[in-house]
2 protein chains.
Amino acid sequence: MTTEPITPLRSSDALGEIANVPLGERIADQLRQQILDGELAPGTPLVEIALASELGVSRAPVREALRILGLDGLVETVPYRGTTVRGLHRRDVEELYRMRALHEGFAIRRIVDTGRHRDLAELHACCDAMAASGSDARALNLVDERFHATLIELADHALLTTFWRTIAMQVRQVMAMCNRQIADPMVIAANHRRIVDAIASADAQTAITLLEQHIGDVIDQVLNEWSRGDARR
Amino acid sequence: MTTEPITPLRSSDALGEIANVPLGERIADQLRQQILDGELAPGTPLVEIALASELGVSRAPVREALRILGLDGLVETVPYRGTTVRGLHRRDVEELYRMRALHEGFAIRRIVDTGRHRDLAELHACCDAMAASGSDARALNLVDERFHATLIELADHALLTTFWRTIAMQVRQVMAMCNRQIADPMVIAANHRRIVDAIASADAQTAITLLEQHIGDVIDQVLNEWSRGDARR
DNA sequence: TAGTGTTACATTGTCGACAATCGATTGTTC
DNA sequence: GAACAATCGATTGTCGACAATGTAACACTA
């Protein structure tokens with residue numbers, strides 16, 4: 001658990017964004033990154049005083065950070081016992097993806113129902129980027145993430161966005177543990193393009209069916225990888 | 001904002017449940033109760049030091065409690081600005097109920113798909129209790145809550161349960177602000193019974209349609225009450 | 001008066017120290 | 001040797017005080 005001292009730099013990047021972010025949030029960002037990248041494996045205990053001394057801060061902001069991560073569903077806290085990186089069982093993974101399909105399907109229906117299916121430029125761009133990603137697995141993952149995030153954004157539903165954020169976070173955590181490349185970028189790009197086309201022609205039902213098929217495939221592949229690789233937790 | 005000193009009693013009720021619950025959680029329970037009962041109106045600022053002195057504790061457990069309530073979606077916290085009881089706009093209410101319909105529909109499909117639609121005794125009992133609730137609005141609300149909670153439980157999906165808990169919490173908050181009695185208990189009981197029957201005959205699609213209709217009606221009534229009564233926040 | 005800089009205050013963020021709790025280890029008794 | 005009680009160490013929970021931040025009121029300038 002090599003947790004480097006946090007950078008005292010402002011965490012913002014956009015111009016003019018000089019908001020002062022509390023220590024706790026910056027620590028949460030850093031730990032989240034490590035969890036999502038697989039550096040902090042599921043089950044790893046996150047001891048407050050240890051993290052505090054490693055980061056050169058007191059326990060208060062560390063507690064704050066652990067609370068935030070709990071809100072993201074990335075850690076589990078038991079009173080008087082401590083906090084650990086959440087272990088993902090086979091069942092959790094399956095539930096996660098079914099939930100994801102449910103929410104994205106809802107997003108599609110909403111996009112069509114509210115007539116927002118004519119502004120799909122960003123989604124098309126994502127498909128193009130997927131096809132062009134070649135063998136760069138990292139780039140493919142990023143684009144895929146952007147595609148689905150855009151889908152949710154288009155639905156224009158704050159509560160949906162909140163829930164989906166939690167789901168996407170855990171999905172990313174799962175992906176980090178499936179190191180092996182999953183599928184052919186061209187196939188993935190084609191799958192997504194079919195979904196976008198169905199949305200564009202206001203055919204929500206077809207789009208949802210395609211999406212569920214796609215996610216169903218991903219579940220199979222991930223779970224396959226899961227049972228073979230390591231019985232984590 | 002009459003916040004009474006927290007009871008030092010163990011918060012448990014079940015026999016033998018002598019688990020020691022941290023102060024923060026007990027404070028969260030108390031504040032949640034007040035928010036859900038409408039005692040703490042949306043927009044009410046929750047000042048840490050004020051709550052701490054009122055409750056006779058330090059700020060640490062109060063902060064903890066506010067964090068927990070944030071996780072429930074009942075309060076909003078802005079860094080360096082403070083925490084307030086979440087204001088519910090018309091749009092939030094609409095999003096909330098659509099989300100609820102989505103999740104309960106998912107639960108129904110899952111109950112049917114996994115063949116769990118033969119153990120609906122509890123749901124039937126709820127319908128009976130609804131019909132028998134007469135003019136006791138409070139009792140009707142409680143039974144309604146139990147009905148939908150049971151539906152979610154039957155789906156046997158941990159992540160769904162987590163999400164639904166948040167939704168149910170906010171629904172209860174909305175209900176607390178719609179003081180006027182919404183509808184005839186007998187009608188509500190009949191509506192629910194139709195849904196249960198459809199589930200029992202493994203007809204998920206019909207059950208979901210009925211559910212969506214039912215929730216659609218509730219949305220209309222609540223939003224109607226909403227726009228007339230008070231333009232809260 | 002409109003606009004700007006400054007100051008004061010209320011509130012949250014952070015810190016270090018102490019108390020409470022849990023699990024395991026050790027010691028004791030039969 | 002097994003069952004039970006006391007003890008210990010590790011960790012979280014709670015506390016009070018101080019620092020950092022943001023808002024609003026105020027004085028000042030043009």
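Order of the sequence lines fixes the chain letters, A, B, ..., with proteins taken first and strands second; residue numbering starts at 1 for each chain. Both backbone and side-chain heavy atoms feed into the values below; hydrogens, waters and symmetry mates do not.
Protein atom CG of A:L23 is 10 Å distant from nucleotide atom P of D:dT21, rounded to whole Å. Atom CD in A:E76 sits about 19 Å away from atom P in D:dT11, given to the nearest Å. In this structure, the CD1 atom of A:I49 is 13 Å from the P atom of C:dC15, given to the nearest Å. One interatomic measurement links the two molecules: CD of B:E48 to P of D:dA17, which rounds to 16 Å at whole-angstrom precision. If you measure from atom CD1 of A:I27 to atom P of C:dT14, you get 8 Å, rounded to the nearest angstrom.
Sparse packing is recorded around CZ of A:R98, with 12 or fewer heavy atoms of other residues, nucleotides or ligands lying under 6.0 Å away. No more than 12 heavy-atom neighbours from other residues, nucleotides or ligands sit within 6.0 angstrom of CZ on B:R81. More than 12 heavy atoms of other shown residues, nucleotides or ligands fall within 6.0 angstrom of atom CZ in A:R116. More than 12 heavy atoms of other residues, nucleotides or ligands lie within 6.0 Å of CG in B:L142, so this atom counts as buried by the packing criterion.
If you check the side chains of A:H214 and A:D217, you find no donor sitting under 3.5 Å from an acceptor.
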Can you give me the N/O atom pairs linking the protein to nucleotides 6-10 of chain D at distances under 3.5 Å, or say none if there are none?
none

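B:R86 places none of its side-chain heavy atoms less than 4.5 Å from the side chain of B:L69.
DNA chain D is contacted by B:A60, B:P61 of residues 60-73 of chain B, taking any non-hydrogen atom closer than 4.0 Å.
A:H148 and A:H192 have their aromatic ring centers within a separation under 6.0 angstrom. Not less than 6.0 angstrom separates the ring centroid of A:H103 from the ring centroid of A:H157.
Along DNA chain C, the nucleotide closest to A:Y80 and the one closest to A:R59 are compared, and the more 5′ of them pairs with A:R59.
A donor N or O paired with an acceptor N or O is not found under 3.5 Å between the base of D:dG13 and the side-chain atoms of A:R81.
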